[in-house]
Amino acid sequence: MSIKRKKIYLILVVLFFAFVIAAGCTGSGDESAGKINKDSASGEELKKAVLIAIPYDTELSSANVLKIVLREAGYDIEIKTVDVGIAWQGLSSGSGDFYVGAWLPTCHGQYLEKFGDDIVFVRKNLEGTRCGLAVPDYVKVNSIAEMNANKELFDSEIVGIEPGAGIMKGTEDAVESYSLDYNLLTGSEVGMCTALKSAIDSGEPIVVTAWSPHWMFVKWDLKYLDDPENVYGGEEYIASYTRKGLKEDMPDLYSFIERFHWETSDMESIMLDMNEGMSAEDAAQKWVDNNPELVNEWLDKTS
């Protein structure tokens, strides 16, 4: 095992176990959706609802923004953070009320196929997303089809994230479709970004599972590898879904979800602040404070 390979492997192992421990400490939610809480500051009665999110910066940015904005609309939002498969399953079973992180049609397509009949599509909330394999811009490889001829360059490794993530399933399909003689390393989003930073700081080649919006495309010069077999699909979108019956149970919340939409730059600005040390809550509050017009549109206060 080369020195580079050992370094990446150790980074991924340490950060994967750190992620597992942290994930075990996240709240699991309860069955209290629709119940009434009181805002301690104003004494206003708040209706409780559960927003399901997966533990990536993309989803934590949107979840925390909605938690802040929906309080003004009279809702106490509990963010239930779970793995992607459990997120779809939880929404279909009614253990959560809504989910705004469905990457479609390809990245989460397997989950939509399995659970789509048991949930309600509301709208596309962000268009122009993408998933695939990415490398630093200084790497001369430009296509997945070129990877086998350059496997020594990458130590025959693709640095991935958590097993079960949509991008990991897509990459498993890519390995098969392109007959890649590579190992797909599992770990976490944090581990992947740490390995990427280490490689860029050293000017070394690396290939990682990637998706956008993501702060790494703002911070570093990266490029997606061309995908001539179209394994990862083309331009995608993020969609909002609810459990069945939410429209009838909480029509105001459903109407809010119908109005919720934003741009790639919005999400990436929050993610970049988080990466630079700001908490997800503070980064979301900063975005809300700086974007009153869009927030008012969501709240239907534009008239």
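Look at Glu258 and Lys247 and you find no salt bridge, because none of the NZ, NE, NH1 or NH2 atoms lies under 4.0 Å from a carboxylate O. Ion pairing between a basic and an acidic side chain is recognised when a charged N comes within 4.0 Å of a carboxylate O; Glu297 and Arg259 show no such pairing.
Side-chain contact between Leu133 and Met147: present, with at least one pair of heavy atoms (C-beta onward) separated by less than 4.5 Å. Side-chain atoms of Glu276 and Trp215, non-hydrogen and from C-beta on, never get closer than 4.5 Å to each other. Residues Asp266 and Asn291 form a side-chain contact, since some pair of their non-hydrogen atoms from C-beta on lies under 4.5 Å apart. You'll find the side chain of Leu185 stays beyond 4.5 Å of the side chain of Ile158, heavy atoms only. By the 4.5 Å heavy-atom criterion applied to side chains, Ser269 and Lys286 are not counted as neighbours. No side-chain heavy atom of Ile52 sits less than 4.5 Å from a side-chain heavy atom of Asp97. Between Lys47 and Asp252 there is a side-chain heavy-atom pair separated by less than 4.5 Å. Within the 4.5 Å cutoff, side-chain heavy atoms of Phe98 are placed close to those of Ile77.
Residues satisfying the side-chain contact (heavy atoms from CB on, under 4.5 Å) criterion with Ser156, sequence neighbours excluded, are Lys151. Checked against salt bridge (charged side-chain N to carboxylate O under 4.0 Å, His left out), Asp221 has no partners two or more places apart in sequence or in another chain. A search for ring pair (Phe, Tyr, Trp, His ring centres under 6.0 Å) contacts involving Tyr241 returns Trp88, Phe121, not counting sequence neighbours. Judged as a side-chain contact (heavy atoms from CB on, under 4.5 Å), and not counting sequence neighbours, the contacts of Ala53 are Glu59, Ala63, Ile79. With sequence neighbours excluded, the residues that form a side-chain contact (heavy atoms from CB on, under 4.5 Å) with Lys223 are Val135, Asp137, Asn142. For the ring pair (Phe, Tyr, Trp, His ring centres under 6.0 Å) test, residues two or more places apart in sequence or in another chain that qualify with Trp287 are Trp262, Trp298. Tyr138 meets the ring pair (Phe, Tyr, Trp, His ring centres under 6.0 Å) test with no other residue; sequence neighbours excluded. Among residues two or more places apart in sequence or in another chain, the salt bridge (charged side-chain N to carboxylate O under 4.0 Å, His left out) test is passed with Asp282 by none. Every residue meeting the side-chain contact (heavy atoms from CB on, under 4.5 Å) condition with Val120, not counting sequence neighbours, appears here in chain and number order: Thr242, Lys244, Tyr254.
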* Please walk me through it: do Glu189 and Asp57 pass side-chain contact (heavy atoms from CB on, under 4.5 Å)? -> CA-CA 9 Å; Glu189 178 185 7; Asp57 288 352; 4.0 Å; yes
* Going through the distances and angles, do Ile270 and Asn64 end up as a side-chain contact (heavy atoms from CB on, under 4.5 Å)? -> CA-CA 10 Å; Ile270 299 170; Asn64 279 280; over 6 Å; no
* Any chance you could lay out the side-chain contact (heavy atoms from CB on, under 4.5 Å) test for Leu112 and Leu104, step after step, and finish with the verdict? => CA-CA 8 Å; Leu112 180 61; Leu104 296 168; 3.9 Å; yes
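Each salt bridge (Lys or Arg N to Asp or Glu O under 4.0 Å) pair with one or both residues in residues 117-134, not counting sequence neighbours, would appear here, but there are none. Applying the ring-ring contact (aromatic ring centres under 6.0 Å, His included) test to every pair with at least one member in residues 156-201, sequence neighbours left out, gives no pairs at all.
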List the atom pairs, donor and acceptor, that lie under 3.5 Å between side-chain atoms in residues 229-240 and the rest of the protein, sequence neighbours left out.
| residue | atom | partner | partner atom | Å |
| --- | --- | --- | --- | --- |
| Tyr232 | OH | Thr171 | OG1 | 2.8 |
| Glu236 | OE1 | Cys107 | N | 3.2 |
| Glu236 | OE2 | Thr106 | N | 2.6 |
| Glu236 | OE2 | Thr106 | OG1 | 2.7 |
| Ser240 | OG | Asn125 | ND2 | 2.8 |

